[in-house]
Amino acid sequence: MPQAKTGERETELVSFEEIKPGARLKGIDPSGVAEVVQVSQFGPDALNLVFRANGKVSERLVYRGDEAAFEIIGEGRTYGFDADGALLRLASEAYRMRLAYLFDPYLAVTASQIEALPHQITAVYGEMLPRQPLRFLLADDPGAGKTVMAGLLIKELLIRGDLERCLIVAPGSLVEQWQEELADKFGLAFDILSRDQIEASLTGNPFIERNRLIVRLDMAARSDELKAKFEASPDWDLIICDEAHRMAASYFSGEVKETQRHKFGKLLGSRTRNLLLMTATPHNGKDADFQLFMGLLDADRFEGRFREGVHKADVSDMMRRLTKEELYRFDGTPLFPERLAYTASYVLSPSEAELYQAVTTYVREEMNRADRSGDGKRRSYVGFALQILQRRLASSPAAIHRSLERRRKRLEERLREAQVLKPTGSLLLALERDLPNYDPDELDEVPGEEAEAAEEQVLDEVTAAENLDELKTEIVHLKALEDHALRLRQSGQDAKWRELQSILDDPKILDTVTGVRRKIIIFTEPRDTLDYLQHKIVGTIGDPTAVVVIHGGIAREARRAAIAAFNSDPLVRVMIANDAAGEGVNLQRGAHLMVNYDLPWNPNRLEQRFGRIHRIGQTEVCHLWNLCATNTREGEVYRRLLEKLEDARKALGGKVYDVLGELFEGQALRDLLVEAIRYGDLPETKADLFRKVDGAVDVRAIEKLVAERKLTSEGMDPNSVGAIREQMERAQARRLQPHFISSFFREAFTMMGGRISERETGRFEITRVPGVFKERDRLIGRTDPILDRYARVTFEKALINGQPQAELIAPGHPLLDAVVDVVLQRFQPLLAQGSVLVDDTDPGTYPCLLIYLEHAIRDGRMVKSGEPRAVSQRLQFIFLKENGSASDAGPAPYLDCRPATDRGDSVSRGRNYSTVVGRPRRRAGAALCDLNTGSQSSRRGEATSPCGDRQGRARRKGPA
């Protein structure tokens, strides 16, 4: 019986009328043979064809006469089944490695040096990855590991081929931390944008040259040059903004007050497909401001001015906010330990109370004078300056003395300058120029060093005086207050310091048996108080090396050294910090004890500070002491607030701390404290202030606020954690196991000329990386380089640690990716050729056919390659039997087989069938997609080329 030759196809010219669904045509697409999926006729002489070629679906309009260039492919044999079986198995494994994420839905977790927690898994794999394009706000509590979630997202998108260009925008103090964590935990190399880098850039625009960048928020937001370079660069696949609340805008006097950061945030959103904002404080208590903030994600949905009760958009599909009380480990136990807060009250001495009364009177009178001026801008600046002075008064004798001294000296300079210009004294003092453009709330969000400088400038220069006589009078008044403060400072009277001393001797801090102090962090505000406390505490402990400090003016290297010493050096026992350490600083390894020496007027700061020690990894119950004077006007209000918070905590648990920033939506806490300063001596005013505090911190009000301000309805409980654990266990069983990766890598690597040898169990040294892999890496243009050699590599996460530390070879590692690419480049055509494999363990005599099916559901959006984006994808191995029945072949069944040999493995071939003679159980080869199984004369063969069904519901894998 005549037989077609291996690989031969029958072809014939096609007529226009023969172009129908199912026809296989040559010449319609340059990539090879195309299968017609759909035909739409436009009159007698035009057809619109939808066809599939080489796994891609395309469309073309064909006119009568074009068919002369087409050939119709007949039913000749498509696959030869004569490829090298060993190389075919290797190519099959490379193909499986390329699609590893289809077998392991948590591949980035597997390929990273982290142990992900349930809430991190749900954030990345449940909330963010399914959203394409992504416009999302991740607002979990401080210390929940949002940086890890961002790293998982980046890694997973990279592995899936959905990410090439990624930009991270963060406060200046956090950029090095981002760079280190992404490198250490995920093996991701990011560059930090610097001035030197810009100057050394070949094109002058690093946004074009580099695909992975970390940018300091203020460096970019305040530079028109950098923003222009950013706009001139290609779009980004993903932009992540850390501490994104700094990009918020606000309503001021009925109009939107946009900051440079907010404008930059809008620019970022316009130049990326995926935008992720991260902050633990998304809501400042004002719904109107929150709407402006969410407009960074979706300007259309949040367009228009906010109107209470009318204009409230649903944000449940755009954000997630989990509180610490909702976070659990995989065993169902709470992730965070309990947190307890105490109010440490103290009473000012008579001398302190006298100075307090004198300074408060000055503040009140100057505020009243500013109100009478009728100038709203002046009133705002004067009020801000006097608030700073009042907070310095409550901070320490050193802070108020130095503040009064600096203010007096600066106003004297202003007086001399004005007298030179206008000696008559009739000049009205214009509002000071070049003052920082911040309101009190905004100043809470600027970098520490900048905030300190801005406060000093406002405090030293702003005055309510409108002429020289008023300015002279104010200077005399300031001189008297300064002398009073100096006498108090020299007397050594400081009730607040004595209260801190008693806390430092508390058994929770000082072990009375061993005399060893437990580590503690003390938060203050002014630099003067920080220096004052450092001197006092060193004198108490007797060891200068036991105390470290962090403030806005400290260099980044010194800051990192102080944090490392506090966390790891057993001799360092105390850290003194201001709010420059309030963001992105991890101190949970060092301490579980904290003191608020100065209480912040923005209650959000309370939770941010507490979050420095109450973070993932903290194992001890966290204790916080809040120092509060009982006989000051603002102290009485704050003490009332702390007492009510403690009552609420007893009833509601730690969740009360999660809404501190939103408790005073109607009237900010700052405004209540100012009102207490100005009018707190009136009994009716004090009673009204107490009523406002009681109403804001009422248990039922907090419960309602917790529900509302979650802003989304999702949550976690031990039952949902159990379901996540089961999903991960199933994924663990399905994933590409490390020994498969190890076996493939070592075989392919050595075959290409690489040298790899085992040094310790499961740990290998690579002494030579072939040039073909490095050249492939250069052609692909990956950010992560391939090295010439590696001291240690491993395929098991548990074996990374050791001397030297090993690199984890897993999907996403540049060397493994290069090996996969080279193997597929050279040997993928074998998958379309087919081969014969034999399973010696099966006594059966019937062969069967193995087909690879790669299912994909695609939408109308295009990826960079020009293909439609896959929204869902699967890879399956199917056994096809002689009778036409199909069964699941399991994962990588070809690994159970060996290549067929001439000895004992005879094969006869007929038209559209293959026969194995002897005792093999399985043969491997490439299957026809329109296989006529009725003519199969044998049953137990494998086709090792991906192939779709006749209706084209699956992707056919052709020659590379």
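Side chains included, hydrogens not; waters and symmetry mates left out as well; all remaining heavy atoms used. Residues: numbered from 1 along the sequence shown.
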Checking the side chain of [X] only, and the main-chain atoms of [Y] only, is there a donor and an acceptor separated by less than 3.5 Å?
X: Ser502; Y: Glu499; answer: yes
X: Gln534; Y: Val549; answer: no
X: Gln618; Y: Ala591; answer: yes
X: Gln177; Y: Leu174; answer: no
X: Arg518; Y: Lys508; answer: yes

Would you call [X] and [Y] a side-chain contact if the rule is heavy atoms closer than 4.5 Å?
X: Leu415; Y: Leu411; answer: no
X: Arg339; Y: Val621; answer: no
X: Ile563; Y: Asn567; answer: yes
X: Thr343; Y: Trp625; answer: no
X: His614; Y: Gln588; answer: no
X: Phe290; Y: Pro282; answer: yes
X: Glu557; Y: Arg560; answer: no
X: Glu474; Y: Leu478; answer: yes

Side-chain H-bond candidate by donor/acceptor type, [X] with [Y], under 3.5 Å:
X: Ser351; Y: Glu354; result: no
X: Arg639; Y: Asn626; result: no
X: Tyr356; Y: Asn631; result: no
X: Glu636; Y: Thr630; result: no
X: Arg609; Y: Asn596; result: yes
X: Asn586; Y: Arg615; result: yes
X: Glu243; Y: Thr279; result: no

### Criterion side-chain contact (heavy atoms from CB on, under 4.5 Å) on Arg402 and Arg489, from CA distance to verdict
CA-CA 10 Å; Arg402 293 287 294 131; Arg489 182 178 182 180; 3.8 Å; yes
### Task
Decide side-chain contact (heavy atoms from CB on, under 4.5 Å) for Leu500 and Leu533; before the verdict, give the C-alpha distance in whole Å, the side-chain angles of both, and the deciding distance to 0.1 Å.
CA-CA 10 Å; Leu500 177 61; Leu533 285 180; 4.0 Å; yes
To the closest 0.5 Å, what do you measure between [atom1] ([X]) and [atom2] ([Y])?
X: Leu504; Y: Ile541; atom1: CG; atom2: CD1; value: 7.0 Å
X: Arg573; Y: Ile521; atom1: CZ; atom2: CD1; value: 14.5 Å
X: Leu510; Y: Ile520; atom1: CG; atom2: CD1; value: 11.0 Å
X: Leu486; Y: Ile400; atom1: CG; atom2: CD1; value: 12.5 Å
X: Arg414; Y: Leu468; atom1: CZ; atom2: CG; value: 10.0 Å
X: Thr529; Y: Tyr597; atom1: OG1; atom2: OH; value: 7.0 Å

### Task
Could you give me the CA-CA distance, side-chain angles and deciding distance for Asp242 and Val169, then say whether side-chain contact (heavy atoms from CB on, under 4.5 Å) is met?
CA-CA 6 Å; Asp242 192 17; Val169 180; over 6 Å; no
If every non-hydrogen atom of [X] is compared with every non-hydrogen atom of [Y], which pair is closest and at what distance?
X: Val547; Y: Ile537; result: CG2-CG2, 3.8 Å
X: Gly635; Y: Cys628; result: O-SG, 3.2 Å
X: Val538; Y: Pro544; result: CG1-CA, 3.8 Å
X: Val363; Y: Leu386; result: O-CD1, 3.5 Å
X: Glu258; Y: His262; result: OE2-CD2, 3.0 Å
X: Phe610; Y: Cys622; result: CE2-CB, 3.8 Å

Between [X] and [Y], does any side-chain N to carboxylate O distance fall below 4.0 Å?
X: Lys519; Y: Asp569; result: no
X: Glu413; Y: Arg410; result: yes
X: Glu365; Y: Arg678; result: no
X: Glu525; Y: Arg391; result: yes
X: Glu482; Y: Arg487; result: no
X: Asp688; Y: Lys692; result: yes

### Task
Using the six-membered ring wherever Trp is involved, compare the ring planes of Tyr362 and His477 and label them parallel, tilted or perpendicular (cut-offs 30° and 60°).
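The rings of Tyr362 and His477 stand perpendicular, inter-plane angle above 60°.
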### salt bridge (charged side-chain N to carboxylate O under 4.0 Å, His left out) evaluation trace for Asp483 with Lys479
CA-CA 6 Å; Asp483 292 341; Lys479 179 59 178 171; 3.5 Å; yes
### Task
Go through Ser396 and His401 one step at a time and tell me if the side-chain contact (heavy atoms from CB on, under 4.5 Å) criterion holds.
CA-CA 9 Å; Ser396 69; His401 171 248; over 6 Å; no
### Heavy-atom neighbours of Lys536 NZ exceed 12 at 6.0 Å
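More than 12 heavy atoms, drawn from other residues, nucleotides or ligands, come within 6.0 Å of this atom.
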#### Entry: Contacts of type salt bridge (Lys or Arg N to Asp or Glu O under 4.0 Å), residue Glu412, not counting sequence neighbours
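Scan of Glu412 (salt bridge (Lys or Arg N to Asp or Glu O under 4.0 Å), adjacent residues dropped) gives Arg408.
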### Qualifying salt bridge (Lys or Arg N to Asp or Glu O under 4.0 Å) pairs, either residue in residues 622-635, two or more places apart
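Qualifying pairs, neighbours excluded: Arg633-Asp681.
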### Task
Applying side-chain hydrogen bond (donor to acceptor under 3.5 Å, both in side chains), run through Thr473 and Glu470 and close with a yes or a no.
CA-CA 5 Å; Thr473 302; Glu470 291 182 358; over 6 Å; no
#### Entry: Contacts of type side chain to side chain donor-acceptor pair (under 3.5 Å), residue Asp598, not counting sequence neighbours
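Scan of Asp598 (side chain to side chain donor-acceptor pair (under 3.5 Å), adjacent residues dropped) gives Ser395, Lys496, Thr524.
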